Amino acid sequence: MECSGKFMGYHGELSCSPECKAARRKKKEEIQKRKRVAARAVLRAAFKPVPFVCKGCGIKAFTSFDHPNRKVFHSDECFQRFVTKTHGKHPKRARAKGVPYEYFEATRIFERDHWRCQLCGRKTPKRLRGTSHPRAPTLDHITPIGKGGSHTIVNVQTACKECNSDKGSRALGQLHLIAWLPKRA
């Protein structure tokens, strides 16, 4: 119970006891909570959810009141899975080494190289991607990130898992970009 034994101190209003202080704080928090609930109710009435399809998993979802700007991924977990799946850990490693990097999808590189290993010339079938098969397509950095190479489109190539693991962190191979690079005037 709160008593009427309040008095003004140097730093504002003080209470006569710790119990009075706790009761006053609880009452103040309840008033603030009611104000927040009322404000959220007004905002919810004005909020119009927008339907979208999640880019990560394909689930049809709606923007929620809590995340009104979310129009691509329906959850933070879905966003994290998508980023790891499409971009991998290369940009993070490149940032740590202080070398240039850019975001791109690995399939873009595989299609550019016609799903062929640029080290041995054999096909790397699309169906083997993500497996531990020796012919599975992987991204290979011509100049490895650990040796100062960048994670950019011009420094990556398609390599089969076997060749990529044999190459290790050596700078081998060369990218056949003559037909791919834009022509200069």
Side-chain angles (χ1 to χ4, degrees), residues 43 47-185:
L43 289 174
F47 179 74
K48 303 268 190 285
V50 178
F52 70 96
V53 176
C54 178
K55 190 175 179 181
C57 62
I59 293 175
K60 186 174 183 182
F62 291 88
T63 54
S64 68
F65 179 74
D66 298 322
H67 300 282
N69 295 327
R70 181 175 283 158
K71 293 179 179 73
V72 179
F73 301 100
H74 78 281
S75 69
D76 294 333
E77 293 81 21
C78 196
F79 171 72
Q80 288 301 324
R81 271 195 312 261
F82 178 80
V83 168
T84 303
K85 182 176 138 188
T86 56
H87 303 311
K89 296 179 180 169
H90 297 301
K92 187 176 181 181
R93 287 179 47 229
R95 275 194 307 272
K97 292 284 185 182
V99 296
Y101 65 93
E102 61 188 11
Y103 291 105
F104 53 85
E105 293 190 31
T107 52
R108 180 177 171 190
I109 305 302
F110 300 148
E111 287 169 2
R112 178 196 69 194
D113 296 340
H114 305 289
W115 294 88
R116 285 198 173 274
C117 175
Q118 299 298 303
L119 300 173
C120 67
R122 288 185 253 178
K123 287 186 177 181
T124 57
K126 190 177 193 175
R127 63 183 167 76
L128 295 177
R129 183 164 183 229
T131 65
S132 58
H133 192 277
R135 293 282 149 247
T138 59
L139 273 184
D140 172 49
H141 291 86
I142 298 168
T143 304
I145 292 176
K147 305 266 173 141
S150 62
H151 179 68
T152 56
I153 291 175
V154 296
N155 191 43
V156 293
Q157 62 187 357
T158 304
C160 61
K161 192 176 271 295
E162 184 178 19
C163 289
N164 202 359
S165 62
D166 287 346
K167 177 186 169 211
S169 64
R170 292 175 294 173
L172 296 175
Q174 96 184 30
L175 196 55
H176 309 288
L177 289 177
I178 295 167
W180 183 75
L181 286 173
K183 294 185 179 181
R184 295 183 183 174

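All figures in this text were calculated on a predicted structure; none of them were measured in a lab.
- Between Asp140 and Leu119, the closest heavy-atom pair is OD2-CD1, 4.1 Å.
- With values rounded to the nearest 0.5 angstrom, Arg95 atom CZ is found 4.5 Å from Tyr101 atom OH.
- Judged as a side-chain contact (heavy atoms from CB on, under 4.5 Å), and not counting sequence neighbours, the contacts of Pro134 are Glu162.
- A pairwise comparison of heavy atoms in Thr152 and Phe104 identifies C-CE2, 3.9 Å as the closest pair.
- Within the model, atoms OG1 of Thr138 and NZ of Lys167 stand 9.5 Å from one another, a figure rounded to the nearest 0.5 Å.
- Taking the side-chain contact (heavy atoms from CB on, under 4.5 Å) definition, one finds that Arg122 meets it with Cys120, Arg135, sequence neighbours left out.
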Apply side-chain contact (heavy atoms from CB on, under 4.5 Å) to residues Lys161 and Thr131 and explain how you reach the verdict.
CA-CA 9 Å; Lys161 192 176 271 295; Thr131 65; 6.0 Å; no
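- Within the model, atoms CZ of Arg116 and CZ of Phe110 stand 15.0 Å from one another, a figure rounded to the nearest 0.5 Å.
- Between the OG1 atom in Thr107 and the CH2 atom in Trp115 there is a gap of 6.5 Å [rounded to 0.5 Å].
- When every heavy atom of Cys160 is checked against every heavy atom of Cys117, the shortest pair comes out as N-SG, 3.4 Å.
- Looking at residues two or more places apart in sequence or on another chain, you find a side-chain contact (heavy atoms from CB on, under 4.5 Å) between Lys97 and Val99, Ile145.
- Scanning all heavy atoms of the two residues, the minimum distance from Pro144 to Ile142 falls at CD-O, 3.6 Å.
- Taking NE2 of His141 as the reference point, atom NE2 of His151 lies at 5.0 Å (rounded to 0.5 Å).
- Note that NZ of Lys123 is 12.5 Å distant from CG of Leu128, once rounded to the nearest 0.5 Å.
- Asp113 places a side-chain N or O within donor-acceptor distance of the main-chain N or O of Thr158, the cut-off being under 3.5 Å.
- The minimum heavy-atom distance between Asn164 and Ala159, with the atom names listed, is CB-CB, 4.2 Å.
- Between the side chain of Gln157 and the backbone N or O of Leu139, no donor-acceptor pair lies under 3.5 Å.
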